[in-house]
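Working notes, beginning with the structure itself.
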Amino acid sequence: MDILETIYNTPAGRFVARKAGLPDPPKLRRGRLMPAGPVVLGELPGGGIAMEAMALLGVAPGQPVVDLPESRVKDDKGRMVPPRYPARPGAIIVDATGLREIVQLEGIRALLRPAMRSLESSGRIIILASDASAVEGLEAKAVAQAIDGINRTVGKEQRDGCTSNLVFIKRGTRASDLVSTLSFLLEGRSAFVDGQTWRVGPAKVSNALSSRPFDGRLVVVTGAARGIGAAIARTFARDGATVVAIDIPPAGDALAKVANEIGGSALQLDITAADAGAQIAAHVASRHGAERRIWALVHNAGITRDRMLANLDEQRWASLMEVNLAAQMRINDFLLANDVPGGLADEARLVGIASTSGVAGNKGQTNYAASKAGVMGYVWALRDELGERPITINAVAPGFIETDMTAAIPFVQREVFRRTNSLGQGGNPVDVAETLAYLCDPASGGVDGQIVRVCGQNLIGA
Ligand code: NAD
């Protein structure tokens, strides 16, 4: 439970907390909710894909961005303040896909400066840029990476629940490939994704965007009895999926509750069983019909066995590697290799859960960090191995998320983890779930081999 949020929720608590100078974590806009204010489009020379994608999304660009003063201006109380956009924009999309020269980077500064103090709360900065692999010449490649530096810094300077994210566009990407990403970033679904960068490319199979993308589709979620897994099951069900919820037998009651609540089915299974892949397919075929195929397979089950390396025994190492890494690879191997009843759909989505511990390392978590970095390495390697098969594989890397797993962290350490990100609070399980649902969206075929951090721009590590 977030103590500051609890304190600030009562008038007396708010009064005392303000007097004591305690930070007031902003309430984040969540769910399938667009920004309230206009979506400003800042198109820099050579751009164009953002305008096309916005048209496909049915979002009209907000007021044109022209003639803003460069110097500080007077606000309505006569104070000198930095320039702002006239209306409070809900989002600004910067189309920087045409930038190739260092001098052109200035254009991003000029567009974003007035946004820094005028975005509505939980507003969005979305920067689109050409991927380094899609541009020629050293200067253009350096410029692409420079934009990443802008994005990460803007994320840290933004306030009030606003986020900044950068999408690199690969060669051959069409506006239709971008729509699911733009929709995710604009909506409250991306509440806890901040300061991040990932890549979108041409989808092997294009599907239209829908507000119920999983209607008629079956999704398997491991570790679904509680925490993030239960939120994943609920989020996919909200978006139309029939969910197969998996967890170990001791969690059977909680698992059945989740499955019943969302009209799915429960499978009690330890994912480390050698034949887990076959058991999952058999369950799908027997409970949901032999013709049914798995649209998305969400490998969420995971454990911690924390010890400083000096105290870390072999048992704590081996059991964790089995659950967090080896089991999902075995399950995928089986289902990718065997076209059995209840097996994978041709265009299936495979997703896993890494962790910021796997990105940056974390004291007392050599085993956990290894398993989660392994998930990332596996995503990249399997992506290459899948070749032209239209199956996608991605992962999310959560930072501090409020669950039973993190409730077990000692208080002081927990408060430090929870606050040291650009949004000043822990994420909710639904934030991870929404990001996974975006990656598994039928319209996200161009998002492949990516790791998306859901960490509020965790200040620890990269
Ligand atoms: P949790 O402990 O609350 O839930 C994990 C679930 O997985 C449990 O229901 C558990 O019974 C199940 N499970 C464990 N071993 C299993 C097995 N062998 N077979 C089937 N089910 C099994 O954890 P959580 O916080 O909800 O985390 C979910 C995932 O997110 C994990 O992979 C975790 O490593 C990852 N993650 C969590 C955080 C966080 O802050 N909570 C941060 C980064 C990554």
Side-chain angles (χ1 to χ4, degrees), residues 192-198 221-224 226-229 231-232 246-247 271-272 276 297-309 312 314-333 349-383 392-409 413-414 416-418 420-421 426-427 429 431-433 435-436 439-440 449-462:
F192 206 58
V193 179
D194 189 14
Q196 299 309 305
T197 300
W198 65 96
V221 183
T222 70
R226 67 178 204 183
I228 295 173
I232 296 169
I246 297 178
D247 215 299
I271 56 162
T272 62
L297 180 44
V298 185
H299 292 292
N300 160 77
I303 55 173
T304 47
R305 293 287 181 268
D306 295 357
R307 282 286 186 279
M308 299 295 269
L309 186 52
L312 185 60
E314 192 183 341
Q315 212 283 324
R316 283 176 182 273
W317 184 273
S319 59
L320 183 141
M321 282 313 156
E322 263 298 298
V323 177
N324 290 10
L325 184 56
Q328 63 183 278
M329 292 177 61
R330 256 194 318 267
I331 293 169
N332 286 351
D333 272 356
R349 308 283 188 242
L350 305 174
V351 279
I353 305 211
S355 163
T356 49
S357 295
V359 178
N362 195 20
K363 245 184 185 175
Q365 290 199 316
T366 325
N367 49 358
Y368 186 76
S371 71
K372 296 301 187 177
V375 167
M376 296 178 356
Y378 172 63
V379 164
W380 297 324
L382 182 59
R383 171 58 261 135
T392 66
I393 168 127
N394 293 286
V396 298
F400 183 95
I401 307 294
E402 308 281 355
T403 66
D404 292 342
M405 188 185 260
T406 48
I409 301 173
Q413 205 184 347
R414 187 164 77 232
V416 171
F417 282 165
R418 182 182 268 150
T420 45
N421 63 61
D431 299 325
V432 178
T435 309
L436 286 162
L439 294 171
C440 293
Q450 303 302 303
I451 312 293
V452 179
R453 280 171 53 174
V454 187
C455 64
Q457 196 175 25
N458 201 328
L459 305 181
I460 299 162

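Just the heavy atoms: all of them, side chains too, but no hydrogens, waters or symmetry mates, feed the values below.
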Inset, instruction - Ignoring hydrogens and angles, tell me if any N or O in the side chain of N394 forms a donor-acceptor pair with the backbone of G449 under 3.5 Å. - result: yes
Legend entry - Atom pair CG/OH of N324 and Y368 - distance to nearest 0.5 Å: 6.5 Å
Inset, instruction - Taking R418 for its side chain and G426 for its backbone only, find out whether a donor-acceptor pair lies under 3.5 Å. - result: no
Legend entry - Rounded distance (nearest 0.5 Å) linking atom CG of L350 with atom CZ of R383: 10.0 Å
Legend entry - N/O donor-acceptor pair under 3.5 Å between Q196 side chain and D194 backbone: yes
Legend entry - Non-hydrogen atoms of A369 and S357 that approach each other most closely: CB-O, 3.4 Å
Legend entry - Closest non-hydrogen atom pair, V221 against G229: CG1-O, 3.8 Å
Legend entry - Any donor-acceptor pair under 3.5 Å from T406 side chain to I401 backbone: yes
Inset, instruction - Spell out, as yes or no, whether a donor-acceptor pair under 3.5 Å connects the side chain of N300 to the backbone of T222. - result: yes
Legend entry - Distance (rounded to the nearest 0.5 Å) between D431 CG and E402 CD: 10.0 Å
Inset, instruction - Taking all heavy atoms of L439 and all of A395, pick out the closest pair and write down the distance. - result: CD1-O, 4.0 Å
Inset, instruction - Mind listing the closest non-hydrogen atom pair of A373 and G358 along with its distance? - result: CB-O, 3.5 Å
Inset, instruction - Tell me, yes or no, whether the heavy-atom count around R307 atom CZ, taken from other residues, nucleotides or ligands under 6.0 Å, exceeds 12. - result: no
Legend entry - Rounded distance [0.5 Å steps], CD1 in I393 versus OH in Y378: 5.0 Å
Legend entry - Rounded distance [0.5 Å steps], CG in D404 versus CZ in R226: 4.5 Å
Inset, instruction - Begin from the C-alpha positions of L382 and M329 and carry the test side-chain contact (heavy atoms from CB on, under 4.5 Å) through to its verdict. - result: CA-CA 10 Å; L382 182 59; M329 292 177 61; over 6 Å; no
Inset, instruction - For the pair V375 and Q328, evaluate side-chain contact (heavy atoms from CB on, under 4.5 Å) and give the outcome as yes or no after the intermediate values. - result: CA-CA 9 Å; V375 167; Q328 63 183 278; 3.8 Å; yes
Legend entry - Side-chain heavy atoms of N458 within contact of F417, under 4.5 Å: no
Legend entry - K372 side chain vs I353 backbone, donor-acceptor pair below 3.5 Å: yes
Inset, instruction - Identify the two heavy atoms, one from G399 and one from T356, that lie closest to each other, and give their separation to 0.1 Å. - result: CA-OG1, 3.5 Å
Legend entry - Under 3.5 Å: donor-acceptor pair, side chain of N367, backbone of R305: yes
Inset, instruction - Please report the shortest heavy-atom distance between P429 and A231, naming the atom on each side. - result: CB-CB, 3.6 Å
Legend entry - Expected output: side-chain R414 to main-chain A407 donor-acceptor under 3.5 Å: yes
Inset, instruction - Go through the steps for N421 and F192 under the test side-chain contact (heavy atoms from CB on, under 4.5 Å), then give the verdict. - result: CA-CA 10 Å; N421 63 61; F192 206 58; 3.9 Å; yes
Inset, instruction - Working to the nearest 0.5 Å, report the span between CZ of R453 and OG1 of T197. - result: 10.0 Å
Legend entry - Donor-acceptor contact present, side-chain T304 to main-chain D306, <3.5 Å: no
Inset, instruction - Could you please spell out the steps behind the side-chain contact (heavy atoms from CB on, under 4.5 Å) verdict for T366 and W317? - result: CA-CA 9 Å; T366 325; W317 184 273; 4.1 Å; yes
Legend entry - Electrostatic pair E322:R330 at N-O distance under 4.0 angstrom: yes
